[in-house]
Each structure stands twice: as C-alpha cells, then as structure tokens.
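What follows is a set of notes on a single structure, which appears directly below.
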Amino acid sequence: MTATEAVDLRLSVPAMDCPTCAGKVDRALERVDGVVSVELRPTSGRVDVAYDPDLVSEARIIAAIEGAGYGVDGRLEGPYPRLERSATWRTRRAASIAIGAVLATIGAAVTLAFTTLDVTLATAAWWTLTTGQLAYVMSTIVAGTPILRDGFYSLRQRSLDIDLLMSIAIVGAIAAALPFEAAMLAVLYSIAELLERHAMDRARSSMHELLDLSPETAHRLDDDGETPVAVEDLAVDDRVAVRPGERIPVDGTVLSGTSAVDQAPITGESIPVEVVEGDEVFAGSINEGGYLEVRVDTPAGDSTLARIIELVEDAESGRTEHEQFVDRFAALYTPAVVVFAVAVAIGPPLLVDAAWRTWFLRGLTLLVIACPCAFVISTPVSVVSGITSAARNGVLIKGGRHLEAMAEVEVLAIDKTGTLTTGDLVVEDVRPIDTEIDEVLAIAGALEARSEHPIGTAITRRSADAGVDLPDVSEFDARPGLGVSGTIDGRRYHVGSPSLFRSLGFDLDRADAYTDGGRPVDLRRDLIPDVRTEGNTIIFVGTDERIFGILTVADTVRPAAATAIDRLRTVGIERIVLLTGDNEAAAAAVAESVGIETIHAGLLPEEKLAIIEELEATYGPVAMLGDGVNDAPALAAATVGIAMGAAGTDTAIEAADIALMGDDLGHVPYLAHLARRADGVIRQNIYASLAVKAVLAVGAPIGVVTVVHAVLIGDMGMSLGVTGNAMRLAKLRPTSE
Ligand code: ADP
Ligand code: MG
C-alpha cells in the first residue's frame, strides 16, 4: 500500500452488521478503482477505507457502499469515535416485523378460526385471494421488503447468499399462491435476523460499556483553581484533580497524592493498586482512596482503554481458520442444496406426475435450508465472545486466529526476568576491584540511567541511594540480553553479563588476569563465589581493558508463579520451558521454586528465538510469554507471543499477539483455558449446525420438515443456539477454573 498518498476514510455504516453484509460492501468496494485498502468491522458497523485521491473521490466511495444497499451515516472523526447505535428492538425494522407478525396472526385467525370472515376477494389464474390471504400477503410485504431489497443487491452482485435465497423463497411462495408460507418466511426470518443482531450487539457492547466508564468531564487545575472541562478538550500536560470515588478521566501520571486505584477495566485485576507520585494511572479506573492530582499524558481518544477497544474490534475483523473452512464449505453447500431444491421442486411432478404444490413447497423448504446462516455465524460469534470476555478480564487477544492458535499450544516458553519474577530487582552486593565502590556505582549508574531493563532500574536506584554524582554519557548503546555500553570522558565503558565481557574479548577464566590491591586474583575462583548468593544475577562493570566492579542483583519470584505453572499443566500446557539471558544458577533457582523442569540459560535474544523455532519443529505450536519490551523477537517468532504487563507500554502491545494488560501470571492459565473452551464451542457450533441442516435436508423432501420448521429450527433456532453457546465463554473468569 502506498501509505504516503492514500487518504484514510472512516465511515459509519450501521446497517452493515453481519459477515454477509460486510462481504457485499467488500465486493462493492473492490470494483472501485483507487481504493487501496478496505477494512470492515461488521460488529461495529464501521468501514475503513484508504483511497488514492487522484483516482477516486470520497463521494464515489460512499456511492459504492450505498449502491450495495447500505446507507452511510457519515464520517467517523477522531481517534476513537464513540459509536451510537439505537437498540435493536427500537429500529424501524423491528417495528415493521411487529406489524408483519400482527398481520400474519390476523391471517391465521381468519383462515383457521373465523372462517366466515375469510371471503374470496379476487381470483386470477391459480390465485384465489381471500381476506385471510390478503392479511398474509400484507404481512409478507411489510416484513419482507427489507429482505427483498437486500436480495436484489445480492442478485446484482451475483452472490448466492442468504438474502437472495430468502428473497427467492418468498417470491416463489407468493407466485405459487402460498401466502401463508411467504408470510412465515418473511416474519420468522426477520425475527431470526434481529435476534442474531441483538446477540452480536450484546457481545460487542460489553466492550463499549468499558469505554463508557471513562468520564466525559474532568476537573482541570489551572492558576485560578479548578474548571470543569470536557475530557476531549484536555491537552497533554494539563493537570486534573481526581477525588476519591471518581473515575480517572485520562491516562496520566500522578503528580501528588496517594490512593488505591481499581484498574479492573484495563488489567482485569480487581484488587486495587496503590499509586503514589510518579505512578501511571489509566482512564476508566476508579480512584478509591485519596485525592490525586494527575498530569495528562495522552489525548483522551488515545487512552489505553480506547486502544484496547479498538484492537478488540480489529481482532474481530480478521478471519480465523475455522471461518475460512466454513466459508469454503458454505460456498459448496449452498449451491449444492439449491440444485437439490430445484430438483425436488420440479423433478417428481415432471417425472412421476406428482402434485406440483406439494413438491414446490418441499423445494422451497430446501431453499431455506440452503442458507448457511447459523453455520456461518457460528464461528464469528464464538470468536467475538471469547475475545471480548478476555478483554474484560485484562487479556487483549489481537485476532481470532491467535485465540484459535492458543487452543493448539501445548508448549509454553517463559522468560524469567520481569515475567516469572517481579522485575523489581535489588542490587545486593557491589564489589569494586582495585577501585572505590562509588566509582563503580557512578559509572554503572550513569550508563544504566539510559536503559529500560529492570536490571538498569535496580542499578540506577542503588547509585541514587549511594548519592554518587552521575557523569555524562555519550554514544549510549543497549545490547539486548547482554548489557549496556557508553562513552564517559572519552572512554568506553560497559555494564553487563559475563557473556558481554566475553564477547568483548575478556578471558574470564584466566587465573591471573586481575589484581586487587596489588595482588593477582582469579575472577572465577575468588571473586564470583564471593559475591554470588544462590540465584543472583552477576553484572560486571568495566572498560575495554579491565573489569573494575562486580554487582549482584536479586530478583523476587512472583508469588502467583508456582500456582500459575501448576494450573497451566492442568489446562493442557504439557511442556513449560524457562528461557533466560541470565546465568544458569539464577535460572535454576527460579525454575526450581516455581516447578519448571526445563531451562535454557545464558541466551541472547536471537538464541531465544532459535530455541523457540526448535521447540516448534519438535512439538508443534509454541507460545512465548515475555515482558514484551526486550523479548520482542522471541514473541514474534513464537506461534503465539504473549506479552505481560502491557498496560501503558505500546511496544509490548504491538509486539505481542496476545497482551496481558496486568502482570498477574494467573491470567495465563485463564487464557489457555479460554482458548480451549472457545475452540470447543466453535467445533460444537459448526458440527451442531451441520447436523441440524443435514437432518432438515433429509426431512424436507419426504415432507416431514415444512418451511416453518426450516426457518424456526434451521435458522432462528440454530442462530440462537450457536450464539447462546458462544456466550458461555463470557462466564469464564481468571480464577474460576
Ligand atoms: P531475561 O531473559 O531473564 O529476561 P535478558 O535477556 O533481558 O534477561 O538479559 C539477560 C542478561 O543480560 C541479564 O541477566 C544481564 O546479565 C544482562 N543484561 C541485560 N540488560 C542489562 C542491563 N541493562 N544492564 C546490565 N546487564 C544487562
Ligand atoms: Mg526479560
């Protein structure tokens, strides 16, 4: 795509709310020259188009969408437009269905109960129109017009979809003087559609409810006190006041005050988090404790919550493998059943002189059964339901196919620092070699001040505690998985793992390479055992020529880690592997305490990647769980990359297929469990709708299944069934397994 010239257009097309509808819009836009890319979100009635303004105009694009039968409500502006939608039950369509239903009931009453009223009004050819039948015909017109309109657009696009099939069935029924059947088709099918839409709306709106949680106004603090302003009008760096009990209006940083903040909408973690000055807070979370002053860090539309919702919507627009299978199957199934329907309708009357009316009706029934409806929505509703419920629990799944892949994963690779451990590291020991402790802390602190690694944070904190002055650093260089380097006063310094120094040409095993107070020392034998306590990370500080300091850094294993690992095994993750850039002893200590048997230590980022590929080759799909910042390559290489603690770090969200917004390891078994359940639900839905269709298709030609059965069971019943089944996924909670 030529992003430089393309213009982005985001349109609200509320009527486009089903995968079939989206397909039509897609085909309509495909034919427009100059359209560079199209993204359709039927679940929110949104169309994103990128187009080349030299070749096509906005009006032309809108005309194309409207030509496919979908009214364009207008442009959606802003980074995150709130979509207003009227409730399904209050639309004009719902009203016309209600009138259609009343008319059909009148028809039934007149033809069945009050037959004296059922007088003949007119006769023409094989049609005898009575009062009761007139009621049916009117019912068909009122409820069926929108179907016929959609069917007409499908016909124009030559797509044999549900709208076209239903239209043919309705028109056929009227033509064959079967007004009761026509009215049933029109009314029942419309109700089925409405129910389907309602179910989809419900699945989706549970996400939008979250966005509605963030308040629309905020108290801005300025020189003359407090002014209430709309959240949209806040600028970055504005200050806002948040009182106890209020919701935090923006993503920002606490400037003053302390409080407990309930971040459940973002992280899914219901236990409030203590925040103090300098901490990050998120729009939509609730300030439960004290008064806070917060600096605005991002414009309202860009808040983490808005981004989550946007990503969830994007996630729903991708096609999963199951969906592709269903589409391929439907593409064969529908024409096959249509051909069968035609054969049933005209075959017997022509060949064996059977009753036209009977066989025509049976053919008509088959036509209704040819609609792949329930079958087609069975997967998307499950995916939407799964992704939405995950998002509500702080797990952001960036595409249905990741949910699908997660269900297959039996091997999980876990990063150590910041993932299995808290990443809140503490420097335990500082051992200078032939120099002063302050020199070590000054150099290490200065270099690490530029690093985003948790080790860097620990070292900088220690230097600050020691009160040393940090010299200026130039030519800073972070080496992922190794350490950091930089120039101070014209001299090159390095802080990092033994491997970093080995790669710089140091021979760490030579016994007499170092002197301490004039005496030669053996780094390995004398110094390292000295500082190493069980499971600590060892960091060297040095120049190109000599190592002049050793630091040890201790990390804490997350309290939830052991339980999470245990539960992962019970939900079917059979193999758990620890990957770390840290030393073997540190890795072994952590692995032991959480119950992981396999470890790979001393890995560089690209070696982590190689191990992932090896695991994939041996065991199939592999999930990698990391902190998302320095594990990006491994996350990308894994079948499913899961980033932890992603709230507030865009890079982590971007790098991962699935992001855990909080840093509760308990969400990982939840995710694995949810993925497996979703997979189960999808299979049940697909097979159940197939089985029902098969039974109906056998029943129709022998006359056991009528048009009413076909619509009631095959369409409405199954649609409700698959949606209801999918909604079960929403009940899953991170702790409730
Ligand atoms: P993990 O795989 O445990 O998350 P990393 O791959 O991030 O660890 O880092 C591996 C090793 O590289 C660390 O144990 C440390 O020895 C060294 N290292 C990485 N970054 C830094 C840094 N900023 N300062 C010092 N050492 C570092
Ligand atoms: Mg890490």
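Counting convention: from 1, in listed order, for ligands and their atoms alike.
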### Query
Who's closest to atom 7 (O) of ligand 1 heavy-atom-wise, of His453, Lys416, His600?
His453

#### Entry: Arg295 with Asp297: basic N within carboxylate O range, under 4.0 Å
yes

### Task
Drop me the distance from Ile266's CD1 to Thr304's OG1, to the nearest 0.5 angstrom.
6.5 Å

### Query
ligand 1 and Ile538, any nitrogen or oxygen pair closer than 3.5 angstrom?
no

### Short side-chain to backbone donor-acceptor contact, Thr570 and Arg567, under 3.5 Å
yes

### Message
Tell me the contacting part of Thr419 for ligand 1: side chain, backbone, both, or neither, using a 4.0 Å heavy-atom threshold, strictly below.
### Response
neither

### Query
What atoms of ligand 1 come within less than 4.0 Å of a heavy atom belonging to Asp415?
1 (P), 2 (O), 3 (O), 4 (O)

### Query
How does Thr580 reach ligand 1, by side chain, by backbone, by both or by neither, if only non-hydrogen atoms under 4.0 Å count?
both

### Query
Can we say Arg491 and Asp544 salt-bridge, meaning some charged N sits less than 4.0 Å from an Asp/Glu carboxylate O?
no

### Query
Can you find a heavy atom in the side chain of Ile308 that is under 4.5 Å from one in the side chain of Met661?
yes

### Message
For Thr537 and Asp582, which I'm curious about, is there any donor-acceptor pair between the side chains at under 3.5 Å?
### Response
yes

### Task
Using a 4.0 Å heavy-atom cut-off, say whether Thr417 meets ligand 1 through its side chain, its backbone, both or neither.
both

### Task
Kindly identify the option in Gly602, Gly581, Ser499 whose heavy atom sits closest to atom 8 (O) of ligand 1.
Gly581

### Task
Taking only heavy atoms of Ser451 into account, list the atoms of ligand 1 that are under 4.0 Å away from them.
23 (N)

### Task
Any atoms of ligand 1 less than 4.0 Å from a non-hydrogen atom of Asp582? List them with their elements.
10 (C), 14 (O)

## Note on the structure
In ligand 1, the atoms that come under 4.0 Å of a heavy atom of Val484 are 23 (N)

### Message
Could you check whether Lys608 pairs with Asp415 (Lys NZ or Arg NE/NH1/NH2 to Asp/Glu carboxylate O, under 4.0 Å)?
### Response
yes

### Message
Could you check whether any heavy atom of Gly496 sits closer than 4.0 Å to an atom of ligand 1, since that is the contact criterion I want to use?
### Response
yes

### Query
So is there a nitrogen or oxygen of Arg479 less than 3.5 Å from a nitrogen or oxygen in ligand 1?
no

### Summary
Atoms of ligand 1 under 4.0 Å from any heavy atom of Ile455, numbered from 1 in the order shown, are 13 (C), 14 (O), 15 (C), 24 (N), 25 (C)

### Message
Return the CD to CD distance between Glu288 and Gln263, rounded to the nearest 0.5 Å.
### Response
10.5 Å

### Reported CG-to-OG distance for the pair Leu482 and Ser497, which is rounded to 0.5 angstrom
5.0 Å

### Query
Is Lys398 salt-bridged to Asp657, cutoff N-O under 4.0 Å?
no

### Summary
Here the atoms of ligand 1 under 4.0 Å from any heavy atom belonging to Lys608 are 1 (P), 2 (O), 4 (O), 6 (O)

### Task
May I ask you to list the atoms of ligand 1 that are less than 4.0 angstrom from any heavy atom of Glu448?
22 (C), 23 (N), 24 (N), 25 (C)

### Query
Ser497 heavy atoms, cut-off 4.0 Å: which ligand 1 atoms fall inside?
16 (O), 17 (C)

